[in-house]
Amino acid sequence: MSPRRTETGGRIDRLRTIRFTFDGAPYTGHGGDTLASALLANGVTLFGRSFKYHRPRGLLAAGVEEPNALVTVLRGEVREPNIAATMVEIYDGLVAVSQNRTPSLAWDIGAINQLGGKILSAGFYYKTFMGPVIGPLKGTRFWMFCEHFIRRAAGLGRAGTAPDPSRYERMNAFCDVLVVGSGPAGLMAAKAAADQGARVILADLEAHFGGSANWSGETIDGVPAADWAQRSVGQLEGNDNVRLLPRTTVWGYYDGNTLAALERVTDHKEAAAKGEPRQRYWAIRAGTVVLATGSFERPLVFPGNDRPGVMLAHAAERYAVEYGVLPGQRIALFTNNDSAYRSAVALKKAGAAIVAIIDVRSDVSNEMRKLASEAEAELLAGHAVVATEGGKALTGLKVQRFDAMNGALSGDDRSIHADGLLMSGGWSPTIHLASQAGAKAEWDSARQAFLPPQPTQHWIGAGAFTGSFSTAEAIAEGRAAGLQAAGAAASSAPLPVVEAAPGDPDPAPVFEIKAKGKSFVDFQHDVTAEDVRLAHREGFVSVEHLKRYTTLGMATDQGKNSNVPGLAIMAEALGKPIPEVGTTRFRPPYTAVSIGSLAAERFGDLKPERLTPMHDWHMANGATMYSAGLWYRPMIYGLAGETVEQAYVREARATRESAGIVDVSTLGKIAVQGPDAAEFLDRVYTNMFSTLAIGKARYGLMLREDGLAFDDGTTWRLGEQEFLMTTTTANAGKVMQHLEYFLDVIWPELKVTVTSVTDEWAGAAIGGPNARAILASCVTGTAVDNAALPFMGIVHGRVAGIPVMICRLSFSGEMAFEVYSGAGYSTRVWEALIEAGKPFGLVTYGLEALGTMRIEKGHVTGAEIDGRTTARDLHLDWMLSKKKPFIGSAMMDREGLIASDRLELVGLIALDNRPLNGGGHIVEELDEANPHDSLGHITACCYSPALGKYIALALVEGGKARHGTRAFVSDPLRNRFGPIEIVSNHFYDPDGSRMHG
Amino acid sequence: MLITCPYCGPRDVIEFTYQGDGNRERPQPASQNLDAWNAYVYDRLNPAGDHNEIWQHSGGCRAHLRVVRNTITHEVLRTAFARGGHRTEGRS
Amino acid sequence: MAEHQLPERLSPLEPEYHPGSHGNFEHGIDVILSETRPGSILQLAAWPGEEKGLIEAIRNVTGLALPDGAGGGVSNGTRAVFGFAPGKFTVVDEGEGLASAFAGVITPAIGTLTDLSHGRTAIRIAGPKAEWVMAKFFAIDFALPAFPLGAGRSTNHHDIFAQIQRSGADQFDIYVFRSFARSFWKALCHASEEVGYEVQ
Amino acid sequence: MAEYSAFSLLKNALTGNKDWKPAWRKPDPKASYDVIVIGGGGHGLSTAYYLAKEHGITNVAVLEKGWLGSGNVGRNTTAVRSNYLLPQNTRFYEHSMKLWENLSHDLNYNVMFSQRGCLNLAHTPAQLDDYARRGNAMRHLGVDAELMSVDQIKRLVPALDISGSARFPVLGGLMQRRAGSARHDAVAWGYARGADRRGVDIIENCEVTGFLRDGGRITGVSTTRGEIRAKKVALAVAGSTGRVMQLAGISHMPIESHVLQAFVSESLKPIIDTILTFGMGHFYISQSDKGGLVYGGDLDGYNSYAQRGSLPIVDEVMSEMVALFPGLARVRMLRSWGGLCDMTMDGSPIITTGPLPGMYLNCGWCYGGFKATPASGWCFAHTIAKDEPHAFNAPFTLDRFYRGLVIDDKGQGATPRLH
């Protein structure tokens, strides 16, 4: 039996022994233990070190608000830092280590910071480290030098770099009623709503439903509250319209009654089952939310209140009643309200000696005096704790007379020997979700607490959340909320009967005992009462300034323990009531949420892969793939030992000499259909399409409304009211939305449907002097000669018995054809074309060769249509129809878009026969040391097999006017400088004789 | 945030694409009034409160909607098809 | 008709399609995944006000009577139809050639016909945990009252657009773009491991 | 007021820190001023500071509707950089960078500007060329930029997944070493203290409710603390520009107000030593001196005046984060918040005289406002004092949109969402 474990009691499974380690030392605990309760049972008092002063710290709380006992949980190499020991359910083989200490928790060199105490006061960073004005450490250097050490001293746990092997998952849920919190109020609400047939989700962040019923020691309907809770849960489990989510923290209340919750599915298990996620992220759309989230007990602010062994009263009660662990043998309590008396009695029952109850109030009610004597505790009314003693564990405390009216201390101090000091500074309703939902909390001077605001979304509060701290009220409010949420009338049926200790819910308005020594407000961040007063002296008096200047409330507990005491101290300094200092609006998340869980199913799978039908063929035939947006496209089909350049040069040369074939299935394809299709195209393209003959294609250009170039491609007229539009791969989605917008919003009178058929049709572009011969040898059902298939003509036929649509158009500048077929057949067509091409030495080519040939031809792509260029800049003004308005026509001639200093498309030839780089700049005079006066930049470049030179396309100031002149490429990033000649962008076969054949 | 698509019913905002100020009037295609074009292309009403907006249900039926939404509370007050005409009683 | 001599179409799922039991199946198989490979997937669109005529045409050609209302649908095992957008319907047939059957029927006065038989891939998920697995991907309510038998829905999972028809009490047919089908299939299998799944 | 220094810290420590004075006074507004600056955020405060310091104009009031620095200066992810593509932006932000480099001295307030670099990751050869274009553009304007190899990146950020197996493998990156981060609140407080020490009245909890006019001319403002007259009224209320301009009767602007969310993780020992951006989505991250990972992504994407974010963006940002750092999946997001951004139709700001006589306008910072704080105030002060823009802000006019002179670094066109 471990030193602090009680003989009996608690809902732990004493028959199950669980082995785990903390900081390397082996410990045992029982089923149902948290890491905190198990270590406490083993006599551990020191759990962590504080952020700034590295002070030794013990457990403050028993739940999610714990600020001190943060640990890192290890699963092999994978680290999970900053987890509150109070929230870690132990399992066999659990490995946990403490944080923010070197070399050990017991001996931490960081503790020397305590010596600097007064210098390291709030805001000290801002007042120093500016460093010298001159010399080697001027500017930012001195600060960065100091910062190097500050950064290493700061921080809590250490994150790992080993990839997390776990799976995370998202679940989209819908319900009529979401109940948050499973205490008596939540259970009643869930049951009432479920009985009405509503779809109910009940979520609680703890492993066991029941909330305070699990440790209050009260009885409900004649049975222990814990049993009543378990019985209620059992009744809920039966209903198939109820989903129970234990270990599930509802952390975010978003617009539209959308709530975000995190379910810890396997964190408490040794291992996950096959396919089981570590955590599940619930996105819940709820009709109505019942907020039954309870309340937090507040610490009191007094010297030495952070000593290990000083704990919240209800936390000690939980450890004793729920886990069968005594936080101390000789326990004193320090309180400003009645609830601590119940805790005293509970701990007495559990076997501790209650040496004293120190109450700041002089007038303590008779009921409380009765409870005190029941606990056999000396009652020191009108007293306060002014000091605590001990090092890594509490040994005693000092008390003095205290006047709650004016906060004055009097008389001699008196020492009390105790190894546990439990404090209660009153209770704060857990209103975070209500605040997130978008409203400001309201201060209640009786409760000395912020109460939930009027709902701004569909939620109803119940129980301690509303400031109703008694279980009887919780049960009544819970049922009423459940019924209302389910749309049912209120019920007058009798409610479960509660037997509970008496108590006044209103505390005395005492938050701080002013005496000598450090009194902590924010435990983790080491913010003291003096820091708050310093902030006041320096004018940081609004609550947000207070937080930001002192970091109060910015720790991992997000102010759950410190907000109200901090505000109270500032209010006193200002001589204003607390609400005038204000409260900060709570923001998501309620408690910290793992980033993996938010990535959910996309962890390890950020974006889908988009594949053409021929993808597997490309992979099997030596293609190196290139990711273009979500698509994968062949870059080259390299041969053994070939460089990328050698490969694309071979592919391009072979195409120009005989024939090549490329997969063009990724081009955006949009079916434009309907009586007004032609009219619509006339409006969206800069050039005419209504005049296009059936069975012919035309190259088209689109502008944006602002008159700049948007996208280009060929559009085919397949019938009177039937067009097939092609777009660039990159812009397919944008163009689709553009068209849909105009049809839906601007021109609803047009009878046109647009449908993405990108995936319906797969395409192969086959080009080169022998392309036609290859087609002729394998296409049936149509001729492909000049008469049957002139430039920009379209025919229908078959390849390998499969229907194909062939359009004669050219991107490569060769005699070329695009062969389209249904995607399910296209690989067969592709293979048939390659087979037919064998006698002609047909090559497959990839994006690099495609790019090379288009650069030789001077065609533009996304690199030139970059959202900043006009049709004129790209020498496409010949496509701007004067006969009709089109999208962008009214805006395209504004002064800035026709200015003479705009960048224009030109060609470049490297005069030093060395490769050029995309993104290199163009200058008139070369200055490698201090490059300046850029004229423009290279958009695309390659080695041109056709010209035998390194060439490029570029956007250059002056443009055409510079044809034939010399300049320099200036590429300091890649140290590439050299002479170039500026030429026309049409390097190769400018009059197009090859493609017209 | 949930937006009720007249066709698909209430859907998460993730399914929608915002298309901005729905009060803008596009000039007649042939209009040469550059001020009107500039106002249409660049200027936006940007109220703190109820706002007439265009949204596309791009992750659903792809219809464009006229939405009245409060820019302070994010409450969606009204939704309708931008392109009238369709007699499809909505689900919600 | 020529279609009858056509070779079998290739599935985009091929290399990732592994018939058999997978995932946590030792504890029972709670969903069955399959590719249904219909011969015809058509999109029919009616001009505003012409919906009734189109619905009539669909009934004449397929024998399927569409129920009223947005997203209404019906299926009979070999054929299925559902609305997925205002005035727009997806019609599916096990056999090929449904497009030519509609060719003369959908006149320019009524609307348009677009053949997507190759462009969309049909994946079926069936079993007691079908709703659970679907809810991992899509932010729509799959509960029977909210998503009735035969009804259709248009939704998306990030970049992947999907049309979904409820073809059984615990069965859904998902139509995704062919180019995304393999990625979606892999994700669907991955998400089904938890409940144990079989590929047929 | 006392200088801040290690010595003053020590001296005050010995006297129990009882003698520290307020960082700035809390005066009541006077009846009139030479200049009223509306907006007690970073830009408004720096404007007042430079009006006093550079132009000797000290009869200035800064009016803040809430608490000082309650807007975006205290809500951003603290990145400071000048790595732009277009020269108009690069020149302006580089001027800002130079002011940053001496700001702590200038203000006698440590704003903790730390030049730990900003690295844009590239994931395709085309993107690498695109970054090279931008880096070279910077170099041709005398701004530092360099390309980093995968090996260099791996050494700089070991936690990053640079394995070729990633969906979007890292192929390299564009680094600006002089970029960095600063303590955002300290910038507001430092400028406030600096301006206050030069005689500027900083008036908190003073909301402007209307404009006073003499004919067409703006002659002052009515506020929740009474009417205040001024020769010149300057607006620096980015995020609320639409609201305030409405008070002046101007309802249409080339601006939409959008929410941008930001996130911070629990405090960790140092793991990311630079500012990092993802090239295949919209994600940026750095680590604060306190150890929190500070990160963010895209706009929520719709008009909003609520400093409250939506869930889909949270999911998107976290997904991109663990795509880069699969080892950080178990690190936990501690806090999220939203800031209001003036999104212009080209993604660049507006600093100009007008649009009404007697009015001066500083707005449209999209989500680049923090790093601009010094130069924005410096240029705005010049524009107010001289009644004409400085060369640095001359391109940032209001009419540039209409004249086709947009400064569109992203090439997205007239949409506020995509910049």
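Letters go in sequence order (proteins before strands), and every chain restarts at 1.
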field: Heavy-atom pairs under 4.5 Å with chain D, option from B:H74, B:H51, B:Q19 with the top count
entry: B:H74
task: Report the C-alpha distance between D:Y302 and B:V13 in whole Å, list the side-chain angles of each, state the deciding distance to 0.1 Å, and finish with yes or no for side-chain contact (heavy atoms from CB on, under 4.5 Å).
output: CA-CA 10 Å; D:Y302 45 80; B:V13 66; 4.1 Å; yes
- line: Rounding to 0.5 Å, atoms CD (D:E256) and CG (B:D21) come to a distance of 7.0 Å
task: Could you label the plane-to-plane angle of the D:Y402 and B:Y42 rings as parallel, tilted or perpendicular, counting under 30° as parallel and over 60° as perpendicular?
output: perpendicular
- request: Could you check which of D:M253, D:R243, D:R308 has the highest count of heavy-atom pairs closer than 4.5 Å to chain B?
  value: D:M253
query: Tell me, side chain or backbone of B:D12 under 4.5 Å from chain D's heavy atoms, or both, or neither?
result: side chain
- prompt: What is the distance from atom OG of D:S310 to atom CG of B:L2, rounded to the nearest 0.5 Å?
  reply: 11.5 Å
message: For B:W55, which atoms come within 4.5 Å of any heavy atom of chain D: side chain, backbone, both, or neither?
response: side chain
- prompt: How close do D:P416 and B:R44 get, heavy atom to heavy atom, and via which atoms?
  reply: CD-NH2, 4.2 Å
- prompt: If only atom types and distance count, is the side chain of B:R69 paired as donor or acceptor with the main-chain N or O of D:N303 below 3.5 Å?
  reply: yes
message: Quick check on B:T73 against chain D: is it the side chain, the backbone, both or neither that has a heavy atom closer than 4.5 Å?
response: backbone
task: Work out which heavy atom in D:P254 is nearest to a heavy atom in B:D43; give both atom names and the distance.
output: N-OD1, 3.8 Å
query: About how many Å separate CD1 of B:I72 and OH of D:Y305, when rounded to the nearest 0.5 Å?
result: 8.5 Å
field: Between B:N46 and D:S257, a side-chain donor and acceptor under 3.5 Å
entry: yes
